[in-house]
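Encoded as structure tokens, the structure appears first; notes follow it.
Just so we're clear, the structure is a prediction, and the values are computed from it rather than from any experiment.
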Amino acid sequence: MYKAPVDDIAFALKKVAGLEAAMEQGLLGELTPDLLDAVLEEAGRFAGEEIAPLADVGDREGTSVKDGVVTTPTGWKALYENWSAGGWNALTGPEEYGGQGLPTSLSAAVFEMWNSASMGFAIGPTLTVGAVEALEAHGSDELKATYLEKLVTGAWMGTMNLTEPQAGSDLSALKTKAERADDGSYRIFGQKIYITYGEHDFTDNIVHLVLARLPDAPAGVKGISLFLVPKFLVNADGSLGRRNDAFCHSVEHKLGIHGSPTCTMIYGDGSVDGEEAGAVGYLIGEENRGLACMFTMMNNARLLVGVQGIGVAEAAFQKALDYARERRQGRATRLAKNPEAGGQMSPILDHPDVARMLLTMKSLTGAVRAITYACGHATDMAKAHRADAETAAAWKERANLLTPIAKAFSTDVGVEVASLGIQVHGGMGFVEETGAARLLRDARIAPIYEGTNGIQAIDLVARKIGQSGGEAVRRYFAELDETIEAVRGQNEAAFGETGDALAAAMADLRETTEFLSNATAAKDMDTALAGATPYLRLFGLTAGAVYLAKAALADTARTERAHLARFMAENLLSETGALKRQVVGGAASLAAAHSILQ
């Protein structure tokens, strides 16, 4: 059963991401080390004792829909009510609307625990948190007064409605229509697909954030508006009114996250008796500027999807480690170090190849944990320095730079680590009994939704490394260099060749960054985009390995974390050289071979 690694999470937040220093400087409001520890301890308890026992129930039962009514798995409604009553949905929400105003980085940490316990459950609240942020930033005072407190407290849940059958990643192809009504509201008509928690039985109202196009809107993404469309309209006194013309048509039968209802939503087909067709919607922000509003929600969601990768990876590692300690097979080469074992077979943990897989799982999980927490911390620091425009802008650029890496590298690692977990289990991993297969099935969606990982790589190369003429990425590399030099200055045997391996990886990262920046500047986008995905992995591996070394330097006990940092540096960072060759020299062969596909 999953047990939250509270000590590792707290250490990564305080010592690696930077929360300890920020709390000392008073930059995180009322957050203190004691409060931080208390939140993490209780979150870990709730995840392990209340969410995790229902994960397999959700996987087996899934969700069902009948006449537009969705039923979630046994026990999940009560679980959500307990979770919400515990104040977890309000963790980062604005205090004036019932929130606790705590940092985004802390939210990332507790969402890691929710996702380790059950990714299918945790994805629902993830979108509500994003809806709160979008509404707070762009909603009218009237909309905030009506909806924000209910969303912050978790009394109502939020959704994000972008995708349509003909419009996946290319939102310029959206066809959902919006028509102006005489009372200042709008009527929404169209179909949305793959809407996570689009209908459910957790709350008595659901607040949909829907992208749609007005009749006189410009073509393309410049003609998209964002609307708030409630499941039930809200009366002036705050009570629920009539049902809106927004219904779930069906739920998808998916590879994983079975407990999460992924819905096809129909807006405005006249399903409400006695009412004219059209789902009542309310404009968020300005007409034809909805994509900018939605990106507030999407950026939050991308960070928390990256957290899903960490959560699944941690759960897969724990499950594999427990199995490897218990399962005995053959005689390991290290058996002589354990003479009490006598003639018994060895735990598979003692076989070098199994140990290699487990250490790969642990080091990659720790690496993406640090990257993602650092991304959340950058967002927090941008908010904390609002009075200093220059400092706030620098932190915002740091968050922008790390977001595609946190989303894409973390979710790739989630799949990779979950797959290794099955391998450690051997044949038992391939059957459903152990639960290792469920983790891989659940993890596989995360590299796809909230912008595929290929899109994240394009964003990193085409936009993020060029911020402020490249100054943002140079500042970040300078910080990584400080850690590398500190490691190289150590004489401790536990670090081995870590410093040299990190320096070599940083050289690869710098060379590829310059190569892709030059290609982008020259408008040679075929070359830049051909190398984008391997570049993102190279970036993630390097930054993650440096963060593991930073953790080792900050640990007074040092040896265990130093050994882990050394393992990643000396075993996994050799990949950066191959990735560099792919980035710098792969475009021509890709173009030449493309004809094979036509």
Side-chain angles (χ1 to χ4, degrees), residues 5 8-9 11-19 103-109 111-112 115 299-314 317 360-381 395 397-417 446-447 450-451 453 456-457 459-460 464-465 472-473 475-477 479-484 502 505-506 509 513 533 535-552 554 561 564-565 568-569 572-573 575-576 579:
D8 284 346
I9 288 173
F11 193 91
L13 281 172
K14 294 174 186 177
K15 303 290 188 179
V16 182
L19 266 71
T104 297
S105 50
L106 178 54
S107 175
F111 264 97
E112 176 192 325
N115 280 288
N299 285 335
N300 181 292
R302 285 174 175 175
L303 174 64
L304 292 183
V305 168
V307 170
Q308 290 179 345
I310 310 169
V312 171
E314 175 63 36
F317 168 69
T360 298
M361 296 169 76
K362 184 172 178 61
S363 59
L364 286 174
T365 302
V368 294
R369 177 180 289 131
I371 290 170
T372 306
Y373 290 4
C375 181
H377 182 61
T379 298
D380 294 329
M381 290 299 93
W395 278 111
E397 288 186 338
R398 173 67 57 82
N400 291 342
L401 177 67
L402 292 182
T403 293
I405 303 162
K407 192 279 179 185
F409 185 55
S410 298
T411 55
D412 282 344
V413 163
V415 174
E416 183 177 345
V417 169
E450 301 310 331
N453 286 1
Q456 303 304 316
D459 181 45
L460 176 64
K464 301 306 172 56
I465 63 175
V473 76
R475 284 195 300 265
Y476 183 63
F477 287 174
E479 289 185 20
L480 298 182
D481 286 337
E482 290 178 6
T483 298
I484 294 171
L502 292 174
M506 272 303 303
L509 180 56
T513 301
T533 291
Y535 174 74
L536 187 147
R537 183 169 177 85
L538 193 164
F539 201 130
L541 282 169
T542 304
V546 172
Y547 282 138
L548 288 188
K550 182 178 180 181
R561 287 191 167 91
L564 189 65
M568 183 167 183
L572 305 186
L573 280 193
E575 186 181 343
T576 65
L579 290 167

- K550 side chain to A370 backbone, donor-acceptor under 3.5 Å: no

- Evaluate the criterion side chain to side chain contact (heavy atoms under 4.5 Å, CB included) for residue pair L502 and M506; output intermediate values, then yes/no. CA-CA 6 Å; L502 292 174; M506 272 303 303; 5.8 Å; no

Decide yes or no for [X] and [Y]: does some side-chain heavy atom of the first lie under 4.5 Å from some side-chain heavy atom of the second?
| X | Y | answer |
| --- | --- | --- |
| E482 | V546 | no |
| T379 | W395 | no |
| L536 | N453 | no |
| R537 | T533 | no |

- Task: Would you check if there is a donor-acceptor pair between the side chains of Y535 and T513 at a distance under 3.5 Å?
- Result: yes

- Query: F477 vs F539 aromatic rings, parallel, tilted or perpendicular, using cut-offs 30° and 60°?
  - Reply: tilted

- Query: Name the one of K14, K15, R561 that satisfies salt bridge (charged side-chain N to carboxylate O under 4.0 Å, His left out) with D8?
  - Reply: R561

- Task: Name all pairs fulfilling the salt bridge (Lys or Arg N to Asp or Glu O under 4.0 Å) condition that reach into residues 366-381, sequence neighbours left out, sorted by first residue then second.
- Result: E112-R369, E314-R369

- Item | salt bridge (charged side-chain N to carboxylate O under 4.0 Å, His left out) against D481, all qualifying residues, sequence neighbours excluded | R510

- Item | Which residues share a salt bridge (charged side-chain N to carboxylate O under 4.0 Å, His left out) with R398, sequence neighbours left out | E479

